[in-house]
Amino acid sequence: MALIYIIEDDDNIREIEEFALMNAGHKAIGFSCARDFYKKLEDVIPDLCLVDIMLPDENGNDIVRKLRRNSDTKHLPVIMVTAKTTELDLVKGIDAGADDYIKKPFSVMELISRVKAILRRTQVQEIKELTLDGLVINNEKHKVSLDGQVLELTYKEYELLSLFVLNKGIVLNRDTIMDQVWGTDYEGETRTIDMHVKTLRQKLGNYGNRIKTIRNVGYVIE
């Protein structure tokens with residue numbers, strides 16, 4: 001269970017977000033303005049924040065900038081929630097330091113999926129390094145090396161390999177892999193997993209043989 005703060009001045013939207021997050025097993029606390037949010041932040045730092053851009057007392061982008069300048073909250077995951085949908089508006093949010101953004105109107109499933117993805121990414125990044133014999137995954141530098149040789153992986157290949165190594169010796173079924181790497185809102189076919197495993201094996205060379213296919217189930221790295 002994660003503690004999530006919601007800064008949203010629209011009462012209806014805030015209540016929907018709180019209800020959805022609590023139903024997903026999280027604890028959600030809502031605020032209608034930045035002032036109340038800052039006051040609560042002095043007592044308890046949450047696991048994640050949902051921040052609306054248009055607030056009555058402060059712009060959401062400015063809130064994120066303040067969080068990033070504070071040593072206690074500089075790594076706090078933030079998802080911007082915005083009705084502004086131009087590319088410039090979205091870029092401003094990311095430049096301010098947001099980890100992700102959701103455009104209004106959004107579905108409850110999209111909200112839960114984005115929150116889940118950010119929390120999962122944060123939890124993995126807390127493990128600074130994953131190793132398996134000569135394979136080293138450095139989450140601080142987002143770099144993978146094999147026997148000292150740096151490998152060039154795509155973002156999804158990196159996430160897929162990290163998931164395998166984090167669960168080494170454990171068979172992961174296709175639904176779990178799809179959910180953990182692509183998210184619950186991904187509408188692609190599970191064939192996508194096979195194609196990424198294939199390219200990942202190729203880039204790992206002989207080491208790629210350690211990723212075993214468990215027929216009709218999924219994959220495991222040994």
Side-chain angles (χ1 to χ4, degrees), residues 2 45 47-49 64-65 67-79 90-91 93-101 113-186 188-222:
I45 295 176
D47 298 297
L48 183 147
C49 287
V64 177
R65 291 189 185 95
L67 293 175
R68 295 296 174 249
R69 289 196 296 265
N70 187 321
S71 60
D72 293 329
T73 58
K74 65 180 180 180
H75 297 302
L76 175 62
V78 176
I79 298 178
L90 300 177
V91 168
I94 298 300
D95 285 347
D99 297 277
D100 199 358
Y101 59 84
S113 178
R114 295 293 186 91
V115 166
K116 186 175 182 179
I118 291 293
L119 291 174
R120 181 180 68 241
R121 191 184 312 161
T122 303
Q123 291 166 356
V124 171
Q125 288 175 346
E126 287 176 354
I127 304 173
K128 300 188 183 303
E129 192 172 87
L130 294 168
T131 61
L132 183 59
D133 297 333
L135 183 68
V136 178
I137 302 173
N138 189 313
N139 286 316
E140 288 187 311
K141 298 180 179 179
H142 202 80
K143 182 176 71 174
V144 176
S145 61
L146 180 60
D147 295 331
Q149 185 72 32
V150 176
L151 302 180
E152 296 295 332
L153 303 183
T154 66
Y155 181 75
K156 289 303 182 186
E157 288 170 350
Y158 181 94
E159 286 202 323
L160 186 60
L161 182 60
S162 295
L163 179 65
F164 285 156
V165 176
L166 189 62
N167 296 276
K168 54 190 174 187
I170 300 174
V171 177
L172 300 174
N173 63 43
R174 290 174 173 275
D175 289 341
T176 297
I177 297 171
M178 184 63 71
D179 179 53
Q180 293 292 309
V181 177
W182 280 270
T184 54
D185 59 343
Y186 182 75
E189 300 177 356
T190 55
R191 179 65 178 165
T192 301
I193 299 174
D194 299 330
M195 295 304 297
H196 279 78
V197 169
K198 180 180 178 180
T199 59
L200 186 57
R201 280 172 170 159
Q202 291 172 344
K203 292 182 179 182
L204 290 171
N206 291 333
Y207 200 93
N209 294 327
R210 299 183 68 162
I211 301 177
K212 303 295 185 182
T213 301
I214 307 302
R215 191 174 180 181
N216 297 326
V217 181
Y219 293 94
V220 62
I221 194 167
E222 299 177 343

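Just so you know, these numbers use all the heavy atoms, side chains as well, and skip hydrogens, waters and symmetry mates.
- In terms of the side-chain contact (heavy atoms from CB on, under 4.5 Å) criterion, residue partners of V144 (sequence neighbours excluded) are, by chain and number, L135, I137, L151, L153, Y158, L161.
- Partners of Q149 under the side-chain contact (heavy atoms from CB on, under 4.5 Å) rule, at least two apart in sequence or in another chain, do not exist in this structure.
- Heavy-atom minimum distance, P77 versus I118: CB-CG2, 3.5 Å.
- Considering only residues two or more places apart in sequence or on other chains, D133 meets the salt bridge (charged side-chain N to carboxylate O under 4.0 Å, His left out) condition with R210.
- What you find for T131 and E129 is that their closest heavy atoms are CG2-OE1, 3.8 Å.
- In this structure, T73 has no side-chain hydrogen bond (donor to acceptor under 3.5 Å, both in side chains) partners at least two apart in sequence or on a different chain.
- To the nearest 0.5 Å, atom CG of residue D100 and atom CZ of residue R114 are 4.5 Å apart.
- For the atom pair CG (L166) and CG (L132), the distance works out to 11.5 Å, reported to the nearest 0.5 Å.
- Taking N206 as the reference, nothing meets the side-chain hydrogen bond (donor to acceptor under 3.5 Å, both in side chains) condition, with sequence neighbours excluded.
- With sequence neighbours excluded, the residues satisfying side-chain contact (heavy atoms from CB on, under 4.5 Å) with D72 are I45, N70.
- Between L130 and K168, the closest side-chain pair of non-hydrogen atoms is not below 4.5 Å.
- Rounded to the nearest 0.5 angstrom, L163 CG and K156 NZ are separated by 11.5 Å.
- Applying the salt bridge (charged side-chain N to carboxylate O under 4.0 Å, His left out) rule to R65 yields the partners D62; only residues at least two apart in sequence or on another chain are considered.
- Considering only residues two or more places apart in sequence or on other chains, K203 meets the side-chain hydrogen bond (donor to acceptor under 3.5 Å, both in side chains) condition with E157.
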*Begin with the C-alpha distance, continue with both residues' side-chain angles, and end with the deciding distance and a verdict on side-chain contact (heavy atoms from CB on, under 4.5 Å) for I211 and L204.*
CA-CA 10 Å; I211 301 177; L204 290 171; 3.9 Å; yes

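- Nearest heavy-atom pair, L119 versus A2, reported as atom, atom and distance to 0.1 Å: CD1-CB, 3.7 Å.
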*Kindly indicate, with the supporting measurements, whether the criterion side-chain contact (heavy atoms from CB on, under 4.5 Å) is fulfilled by I177 and H196.*
CA-CA 11 Å; I177 297 171; H196 279 78; over 6 Å; no

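- The minimum heavy-atom distance between C49 and L76, with the atom names listed, is SG-CD2, 3.7 Å.
- Note on residues 211-222: no pairs pass salt bridge (charged side-chain N to carboxylate O under 4.0 Å, His left out), not counting sequence neighbours.
- Atoms CG and CD1, on D175 and I193 in that order, are 8.0 Å from each other to the nearest 0.5 Å.
- Taking N173 as the reference, T176 meet the side-chain hydrogen bond (donor to acceptor under 3.5 Å, both in side chains) condition, with sequence neighbours excluded.
- Here the straight-line distance linking atom CG of L172 with atom CG of L160 works out to 9.0 Å at 0.5 Å rounding.
- Applying the ring pair (Phe, Tyr, Trp, His ring centres under 6.0 Å) definition to pairs two or more places apart or across chains, none involves residues 201-222.
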